[in-house]
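Notes follow the structure.
None of the values given here were measured: they were computed from a predicted structure. Order of listing sets the numbers, starting from 1, for every ligand and every atom in it.
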Amino acid sequence: MSLKGKIIIPLQELIMPYFVIEGSCRVEPIKSMPGIARLSVDELLPEIRRAAKLGIKKVLLFGFCPPKYKDDSASYGYSPSGVIPQAVAAIKEKLKDITVFTDVCLCAYTAHGHCGILKSHQSPVTSHQLIIDNAQTLKTLAKIAVAHAKAGADWVAPSAMTKGQVGAIRQALDKADLRKTKIMGYSAKFASNFYGPFREAADSAPLFGDRRGYQLDYADRNAALQEIRKDVREGADMVMVKPALSYLDVIKEARVKSTRPLAAYNVSGEYAMVKLGAKAGFWDEKEMVSEILTSIKRAGADFIISYHAKDIAKWLKET
Ligand code: PBG
């Protein structure tokens with residue numbers, strides 16, 4: 001089947017996520033996400049170049065932290081020699097016209113896998129007993145964002161759902177004279193079952209408890225809209241709804257009410273479902289991707305982050 005004329009989303013509106021790992025010649029396929037692999041920087045560059053040739057020139061980078069560097073303060077996240085600053089600098093040096101977004105969170109870098117710094121001496125069993133140290137988390141997120149921006153990131157994307165994260169990052173960027181770096185807030189990020197495969201890819205599953213203490217309740221549409229409003233007030237240049245498919249109503253309302261461009265994140269679980277169903281012969285992968293992305297666009301997303309971005313660009317070239 002050809003997708004020519006079917007996909008109504010311009011390729012400039014698609015953002016392709018990548019998982020980056022230290023070392024060289026590393027291509028580590030992610031079991032729960034067929035077609036996606038963790039890549040070392042030397043493998044990432046040619047991959048981005050291939051995607052760019054097909055028309056995908058926006059990338060969102062996630063760092064994979066070597067387990068031995070994980071600690072309670074997420075220090076690998078803001079080390080200039082960490083894998084994300086290194087990857088960003090290499091892309092900016094070697095490739096032209098690539099817009100680089102970086103995910104700014106702590107979960108890949110903390111030993112316990114939570115998105116924030118925890119108050120000390122805590123070993124909670126449920127999310128409700130988790131106490132995030134808000135001030136410390138904001139400081140750490142700001143340090144990570146500054147490290148990414150210094151390396152050349154065009155956009156930093158805080159995804160920890162810590163209160164005040166966009167404002168704290170904006171302030172830190174301005175203070176470091178990184179005024180040109182923009183912020184994409186993961187504003188309406190729901191505590192979702194759809195992130196499962198991502199946590200394998202980024203090795204970021206929490207060791208105890210869950211993320212319901214800081215991510216949004218999926219029944220709560222108003223909270224999502226409030227978060228979007230707050231992020232805009234704090235200086236977000238773009239806002240996001242995540243996941244996409246189960247939240248089309250939120251996307252639609254956010255598009256109507258938000259004064260900033262809106263991204264929707266077609267997340268790992270949504271990708272995995274399509275892939276696994278196609279493999280089982282339940283549906284045609286291209287047709288399914290076309291329908292899903294069209295629905296996200298129809299709901300009002302200005303940009304779509306999707307692990308299918310490069311596939312779509314490839315399929316559009318087929319006759
Ligand atoms: C980091 C983060 C997550 C995702 C993006 N940034 C995982 C989470 O919140 O648990 C999920 C993306 C995906 O599932 O594709 N906090």
Side-chain angles (χ1 to χ4, degrees), residues 14-20 30-38 59-65 70 74 76-77 84 101-110 112-118 127 130 132 137 140-141 144-145 148 155-163 165-166 169 183-218 224 227 238-247 263-276 289 292-293 296 303-310:
L14 293 177
I15 303 172
M16 178 75 195
Y18 287 105
F19 299 99
V20 199
I30 293 144
K31 253 197 267 118
S32 53
M33 299 178 75
I36 302 290
R38 287 182 212 117
V59 302
L60 169 61
L61 304 183
F62 292 95
F64 183 91
C65 178
K70 294 185 189 226
Y76 183 80
I84 292 297
F101 294 72
T102 61
D103 184 82
V104 175
C105 196
L106 272 52
C107 57
Y109 310 124
T110 49
H112 46 66
H114 278 288
C115 301
I117 307 279
L118 300 183
S127 56
L130 269 180
I132 301 277
T137 303
T140 311
L141 288 166
I144 296 175
H148 293 180
W155 290 79
V156 289
S159 70
M161 289 303 280
T162 309
K163 281 187 190 47
Q165 60 182 7
V166 169
I169 288 175
I183 301 178
M184 173 172 74
Y186 277 72
S187 315
K189 179 173 177 178
F190 292 90
S192 170
N193 295 291
F194 286 103
Y195 306 149
F198 172 94
R199 292 177 187 170
E200 180 204 339
D203 187 27
S204 65
L207 281 187
F208 47 79
D210 56 48
R211 304 212 203 288
R212 281 178 294 172
Y214 43 95
Q215 297 183 349
L216 301 176
D217 175 355
Y218 52 68
E227 291 291 335
M238 188 177 334
V239 292
M240 189 205 293
V241 173
K242 174 190 169 189
L245 208 42
S246 298
Y247 300 87
Y265 198 146
N266 180 216
V267 299
S268 59
E270 298 173 312
Y271 173 85
M273 286 197 304
V274 172
K275 282 281 179 190
L276 297 179
V289 171
I292 288 175
L293 289 212
I296 299 170
F303 293 92
I304 302 175
I305 302 161
S306 174
Y307 300 95
H308 270 114
K310 187 180 162 216

Please list, in number order, the atoms of ligand 1 under 4.0 Å from a heavy atom of [X].
X: Lys189; answer: 1 (C), 2 (C), 3 (C), 6 (N), 8 (C), 9 (O), 16 (N)
X: Ser159; answer: 1 (C), 2 (C), 6 (N), 16 (N)
X: Cys115; answer: 16 (N)
X: Tyr307; answer: 12 (C), 13 (C), 15 (O)

Within this structure, what is the [atom1]-[atom2] distance for the pair [X] and [Y], rounded to the nearest 0.5 Å?
X: Ile117; Y: Thr140; atom1: CD1; atom2: OG1; answer: 4.0 Å
X: Met273; Y: Ser268; atom1: CE; atom2: OG; answer: 10.0 Å
X: Lys189; Y: Tyr214; atom1: NZ; atom2: OH; answer: 8.0 Å
X: Ile30; Y: Arg199; atom1: CD1; atom2: CZ; answer: 15.0 Å

At under 4.0 Å between heavy atoms, is it the side chain or the backbone of [X] that contacts ligand 1, or both, or neither?
X: Cys105; result: side chain
X: Cys107; result: side chain
X: Tyr265; result: side chain
X: Ala108; result: neither

Taking only non-hydrogen atoms of Met161, do any sit less than 4.0 angstrom from ligand 1? no

Report yes or no: does a heavy atom of Gln215 sit under 4.0 Å from some atom of ligand 1? yes

Decide whether an N or O pair under 3.5 Å exists between Ser204 and ligand 1.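 No: no nitrogen or oxygen of Ser204 is under 3.5 Å from one in ligand 1.
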
Just checking Phe198 against Phe19, ring centres under 6.0 Å apart?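 Yes; Phe19 has its ring centre under 6.0 Å from that of Phe198.
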
Charged tip of Lys310 within 45° of Tyr18 ring normal and under 6.0 Å: no

